[in-house]
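Written below as structure tokens is the structure these notes are about.
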2 protein chains.
Amino acid sequence: MNIEQVTDGELSILEVIWEQEAPTSRDIAAANYKQVNDSKMASVQKLLERLEAKGCVGRDRRERAHRFHALVSREDFLHDRLRALANRLYDGSIAPLVTTLLRSKGLSKKNRNQLRELIDELWPSEK
Amino acid sequence: MNIEQVTDGELSILEVIWEQEAPTSRDIAAANYKQVNDSKMASVQKLLERLEAKGCVGRDRRERAHRFHALVSREDFLHDRLRALANRLYDGSIAPLVTTLLRSKGLSKKNRNQLRELIDELWPSEK
DNA sequence: AATCAACATAGACAGACCGTCTGTCTTTGC
DNA sequence: GCAAAGACAGACGGTCTGTCTATGTTGATT
């Protein structure tokens, strides 16, 4: 399950799989390209093949047109990327990431209250 | 200031600049390679040149051996990467990043208390 | 059964990227 | 003036990545 080396183009494929339920390669191509032709289809297949090799996508071959499902969730993906960042920049410590996010704009009041609740929910004993 | 397209090799250069005070290219090479030779020196210079072009590094030419300083802090860098992640995966929303980090292991009890304090410090009125 | 469309698969490709390396010029110190 | 060290320009080789072509395979239609 090699999330780290998922390409930008591959990620576009993944996102469609996350949003749709067991799409075929044609469904994915239709979601990613305005105009789908044979070579675009082949591109999608190639990206799917690589995603499968990286263990991020599974394939159901029962139907003529294979149906694809994610073996890695959007949350898994995010988690992995965040960890990679922490490893690279802060020797694995994730606290700097949290504080940076909390300090950045874009958190609504509602979000902040949700975060407080989340902290209390995850570690109630420390309340 | 084009942080997004900073390469892995370039980041290694940046990290030395973050840690040292106004290093020369030789200082940087020494920190990155066990054994420094002419071509390694040239590699470092090339990476510095590209970092300068991307606006991430500044150069003081007064001395014979130029001295380099960061125009982008480690925190800037992190912030940019986090934002890119949020944009790509969650349409710019950063709340999912925070919750994912809070849910992940690696936060000590001390860290958690610090986070609570940080929230209270940033938004005291909501206490 | 013959045909044809749709999909899967293999392979190659161009362009870009990136760290490396070579060579040349300039500056500094002795 | 000479040698050492640095700056700089340019090119390179390997790799990556999305695209494209070609071929094989399956399933449906007549």
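Every chain is numbered from 1, with letters handed out A, B, ... down the list of sequences.
Considering only heavy atoms from C-beta on, B/Leu82 comes within 4.5 Å of A/Leu82 through its side chain. By the 4.5 Å heavy-atom criterion applied to side chains, A/Phe68 and A/Val16 are not counted as neighbours. A/Tyr33 has its side chain within reach of A/Ser43: a pair of non-hydrogen atoms, C-beta onward, lies under 4.5 Å apart.
Contact check of residues 40-61 of chain A against DNA chain C (heavy atom, cut-off under 4.0 Å) returns A/Gln45, A/Lys46, A/Arg59, A/Arg61. At a non-hydrogen distance threshold of 4.0 Å, B/Ser25, B/Arg26 from residues 22-30 of chain B come into contact with DNA chain D. Near DNA chain D, defined here as any heavy-atom distance below 4.0 Å, the residues from residues 62-74 of chain B are B/Arg64, B/Ala65, B/His66, listed numerically. The stretch residues 1-16 of chain A has no heavy atom under 4.0 angstrom from DNA chain C at all.
A/Asn87 meets the side chain to side chain contact (heavy atoms under 4.5 Å, CB included) test with A/Arg83; sequence neighbours excluded. The side chain to side chain contact (heavy atoms under 4.5 Å, CB included) test applied to A/Arg61 returns A/Glu52, A/Arg59, A/His66, not counting sequence neighbours. Not a single salt bridge (Lys or Arg N to Asp or Glu O under 4.0 Å) links B/Arg64 to another residue, sequence neighbours left out. When the salt bridge (Lys or Arg N to Asp or Glu O under 4.0 Å) test is applied to B/Glu117, no partner is found at least two apart in sequence or on another chain. Taking B/Glu10 as the reference, B/Lys54 meet the side chain to side chain donor-acceptor pair (under 3.5 Å) condition, with sequence neighbours excluded.
If you take CG on A/Leu11 and CG on B/Leu89, they are separated by 6.0 Å, rounding to the nearest 0.5 Å.
Sorted by first and then second residue, the pairs that involve residues 35-50 of chain B and meet salt bridge (charged side-chain N to carboxylate O under 4.0 Å, His left out), not counting sequence neighbours, are B/Lys46-B/Glu49. Residues in residues 92-101 of chain B take part in no salt bridge (charged side-chain N to carboxylate O under 4.0 Å, His left out) pair, two or more places apart or across chains.
On the nucleic acid side, DNA chain C has its first and last nucleotide under 4.0 Å of a heavy atom of chain B at C/dC18 to C/dT28, going 5' to 3'.
Surrounding CG of A/Asp91 are at most 12 heavy atoms belonging to other residues, nucleotides or ligands under 6.0 Å away. Within 6.0 Å of CD on B/Gln5 lie more than 12 heavy atoms contributed by other residues, nucleotides or ligands.
Using modelled atom types and a 3.5 Å distance limit, the side chains of B/Arg88 and A/Ser12 yield a donor-acceptor pair.
In this structure, B/Ser93 contributes its side chain and B/Tyr90 its backbone to no donor-acceptor pair below 3.5 Å.
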